[in-house]
Amino acid sequence: MTSFIDSKPVRNFGAQWFSAVMGTSALAISMFLASSRFTLLLIFAQIFLLLSIGMFLFFLILWVIRIIYHFEKVKKELHHPIIGNFFPTIPISLIVIGIALNSIGPTLFNSSLILVNTLLFIIGSLGVFIFGWLILSIIFVHKKIDLEHANYGWFIPPVSHLIIPVLGLSLINQYTNSTLADIVFIISIVAFGVGFLLFLFVGSIIYHRYIYHELPISRLAPTFMIGLAPTSIVTIILVKLAGAVKNVSFDIQPSLIVPMIKIISVMMWGFSAWWFILAVILLLHYLKNRDHPFVFGWWAYTFPLAAFTISNGAINHLLDYQLFENILQIFNILLLAVWIIVFFKTLKAVKKGKCFEEHK
């Protein structure tokens, strides 16, 4: 037992592993949306959901053991200007699993999952807010933060607040005009505001770094894809907001806000599509001019790409325009291909022990 606790996989099991849970559960949601045209994909959605839950529970066990026996190492990573930003992936994983359960769960389980999803919403939201305050305060007082540390991984602690209303606004439709619906609505809109404004603040800092400083080293190249996620998630939030406002007691008239939501959601989607092309251009730059070997950070390609794929399904639900359905199907295939590549490369790296090297 002692040898297991002191082994490299346990000592160096970082929070970034939960980004694999995020990518897998988001793929499940993407598969579920794509199953509206290809019903066979529903089975894949169910498999990926169950896989993501299993991954989370296994990772959580290792993480708890690590906190108990290697707390100083965890504390050191929390204060790291790059690695520390991945700690919120733990509560984010809970919320993304909740989102997947909310849509796919009824096809797997006969009982209602409203209580489970509410608990995931509460615990996940608390975790996102706590890590947001904690990590940003560490960065603010850190005496050795340099411009070269800035990368789109910095989006994770502040912008992770955007994932809260995606689950919260979905749950409101099941509470229907209750006090709980109003409370969840307020929490969701506050988180929306925090996440969106911090997206603007932090985004401008990283944009400045990419223009006036050299590009990050190759192992941080995948983090550029994270820039795709915020506006993709905002698109999803806006679509869910259009359906949720009728189930709260704040006298918000859907007929007054839905037309504006349609316009803004297309704007947000458009930025995501534009950013995806820019991310591909930069990826080609790395492939041509620098090395781009596999690192665990490749999982940063999965969740943001999934968020964009899902946003197409969301906006298609709002506008009922065939273009977005077609893009959903195309990107769902691309997402699956990326996930398969990253997953098997991860297994290969784990076998060789390369995923458990100590971070400097």
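- Between N151 and Y210, some side-chain heavy-atom pair lies under the 4.5 Å cut-off.
- Linking Ile, Leu, Val, Met, Phe, Trp and Tyr whenever their side-chain heavy atoms come within less than 4.5 Å puts I47 and F343 in one cluster.
- When the shell of 6.0 Å around NE2 of H70 is examined, it contains more than 12 heavy atoms from other residues, nucleotides or ligands.
- With rounding to the nearest 0.5 Å, the separation of OH in Y301 from CG in L334 is 12.0 Å.
- Atom CZ of F250 has more than 12 neighbouring heavy atoms from other residues, nucleotides or ligands inside a 6.0 Å radius.
- Residues L136 and L198 are in side-chain contact: their nearest non-hydrogen atoms beyond the backbone lie under 4.5 Å apart.
- For F86 and W299, the ring centers are positioned 6.0 Å apart or more.
- The shortest side-chain heavy-atom distance between L94 and F56 falls under the 4.5 Å cut-off.
- For the pair L113/N102, no side-chain contact is recorded, criterion being any heavy-atom separation below 4.5 Å from C-beta on.
- Residue pairs meeting the side-chain hydrogen bond (donor to acceptor under 3.5 Å, both in side chains) criterion with at least one partner in residues 116-137, sequence neighbours excluded, are T118-Y175.
- Counting non-hydrogen atoms of neighbouring residues, nucleotides and ligands closer than 6.0 angstrom, the CZ atom of F199 exceeds 12 such neighbours.
- Every residue was checked against the side chain to side chain contact (heavy atoms under 4.5 Å, CB included) condition with V141, not counting sequence neighbours, and none meets it.
- Between F303 and V96 the shortest side-chain heavy-atom distance falls below 4.5 Å.
- Here the side chain of T302 pairs no donor or acceptor atom with the backbone of V338 at under 3.5 angstrom.
- W269 and F324 have their aromatic ring centers within a separation under 6.0 angstrom.
- The side-chain heavy atoms of W298 and T346, taken from C-beta on, include no pair separated by under 4.5 Å.
- A donor and an acceptor atom, one from each side chain of S52 and S25, are nowhere located under 3.5 Å apart.
- Aromatic ring centroids of W17 and F296 lie under 6.0 Å apart.
- Within the 4.5 Å cutoff, side-chain heavy atoms of L241 are placed close to those of I189.
- For H285 (side chain) and I281 (main-chain N/O), no donor-acceptor pair under 3.5 Å exists by modelled atom type.
- Within the structure, side-chain hydrogen bond (donor to acceptor under 3.5 Å, both in side chains) pairs that include any residue of residues 327-342 comprise T24-W339, S30-N332, E325-Q329 (at least two apart or interchain).
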